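Bear in mind that the values here come from a model prediction, so they are computed numbers and not experimental data.
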Amino acid sequence: MKVGFIGLGGIGKPMAISVARAGFELTVNDLREEPLTDLEQHGARVAGTAREVASASDIVLASLPSNEASVEVALGGDGVLAGASNGEIYIELSTISPKVVRRISREAAEGGVEVLDAPVSGGLAQRREGRLSVMVGGDAATLARARPVLEAIGERIFHVGGTGAGATVKLVNNLLNAIGAVATMEALALGVKAGLSVESMKEVISESSGASRAFDGTVASIGRSSEPPPGETANMALRTIGKDIRLAVELAGDLGVPLSVGSSALQLYLAGFGHGWADKESWVIMELVEHMSGVRVRPRGAGGRGDG
């Protein structure tokens, strides 16, 4: 089976490497030269456009940063649909609006191209080891054909419904995670200002009703530097998490669902953008919470304006 992969960023590149490692004949495309060179070393062929990738492939996967990028890559003059043939499968791994997924799917169907929306969840280790969770929306028979490729990147593949369902459940998941992270930061700030230590709160809450993955992950993260390693992108960039919450809030607006807590959480992420922190790790938001609360929660040396 010939596979194409478009978008070799912090999430896409390790997934593409996993596909190559699984033995598929792989063609890749990205706007940057460095990840293309890296994929060539894993046996991939480089194409100049998304159209060329589609022409050389049976299944094309794309991991892209925004609605706009997904529309251009799929529907542009040199996009996937311009080069795809009848019966080809296009898999949108990006976290984008369900409306955009459905638009791409409608236009793809006119040329006999089948579309799956299959956003992923997992950290850097899961990306590198092909152990991501994959949330798939689309036709079950199409998923069955694409499953061998998806199994190269994910150990848990969930078929959650029709076209757009994968994108929707990813937004719901990331909304919950972001709300939990912000709530944890605010609770920690309250506790520290009241005289508690982060360690004592972690010990108690981890075994009590306030426990959650978001709590555990946030407590573990806030002591780390929010600056990504030199030459690397952030594992959980503020830009990415903030974009996902914004998309979830927009979806709620379209459906008439109030998101009072989610909308409030979004404001902190937008404030982080205003500070120029978009490319930092998302837990940089703790700096804002500390500043507003007048208390230091992070340990000294964790990075940020308060360190000297």
Validation: residues 5-28 side-chain donor-acceptor distances under 3.5 Å, sequence neighbours left out:
{"from": "Lys13", "atom 1": "NZ", "to": "Asp38", "atom 2": "OD2", "distance (Å)": "2.4"}
{"from": "Ser18", "atom 1": "OG", "to": "Pro14", "atom 2": "O", "distance (Å)": "3.2"}
{"from": "Ser18", "atom 1": "OG", "to": "Arg21", "atom 2": "NH2", "distance (Å)": "3.1"}
{"from": "Arg21", "atom 1": "NH2", "to": "Arg128", "atom 2": "O", "distance (Å)": "2.9"}

Show me, pair by pair, the donor-acceptor contacts under 3.5 angstrom made by side chains of residues 179-193, not counting sequence neighbours?
{"from": "Thr184", "atom 1": "OG1", "to": "Gly180", "atom 2": "O", "distance (Å)": "2.8"}
{"from": "Lys193", "atom 1": "NZ", "to": "Ser293", "atom 2": "O", "distance (Å)": "2.6"}

Return a table of donor-acceptor pairs under 3.5 angstrom between the side chains of residues 142-155 and protein atoms on other chains or two or more places apart.
{"from": "Thr142", "atom 1": "OG1", "to": "Glu114", "atom 2": "OE1", "distance (Å)": "2.4"}
{"from": "Thr142", "atom 1": "OG1", "to": "Asp139", "atom 2": "OD2", "distance (Å)": "3.3"}
{"from": "Arg145", "atom 1": "NH1", "to": "Glu114", "atom 2": "OE2", "distance (Å)": "2.7"}
{"from": "Arg145", "atom 1": "NH2", "to": "Gly87", "atom 2": "O", "distance (Å)": "2.9"}

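Not a single salt bridge (charged side-chain N to carboxylate O under 4.0 Å, His left out) links Glu34 to another residue, sequence neighbours left out. Considering only residues two or more places apart in sequence or on other chains, Arg127 meets the salt bridge (charged side-chain N to carboxylate O under 4.0 Å, His left out) condition with none of them. A search for side chain to side chain contact (heavy atoms under 4.5 Å, CB included) contacts involving Ala118 returns Ile91, Leu93, Val134, Val136, not counting sequence neighbours. Remark: Lys99 pairs with Asp254 by the side-chain hydrogen bond (donor to acceptor under 3.5 Å, both in side chains) rule, at least two apart or across chains. The side chain to side chain contact (heavy atoms under 4.5 Å, CB included) search around Glu72 returns none, not counting sequence neighbours. Looking at residues two or more places apart in sequence or on another chain, you find a side chain to side chain contact (heavy atoms under 4.5 Å, CB included) between Glu52 and Ala47, Thr49. When the salt bridge (charged side-chain N to carboxylate O under 4.0 Å, His left out) test is applied to Arg51, no partner is found at least two apart in sequence or on another chain. Listed by chain and residue number, nothing satisfies the side-chain hydrogen bond (donor to acceptor under 3.5 Å, both in side chains) test with Asn67 (two or more places apart in sequence, or in another chain).
Listed by first then second residue, pairs satisfying side-chain hydrogen bond (donor to acceptor under 3.5 Å, both in side chains) with a partner in residues 165-176 read Thr95-Lys170, Asn174-Asp244, not counting sequence neighbours.
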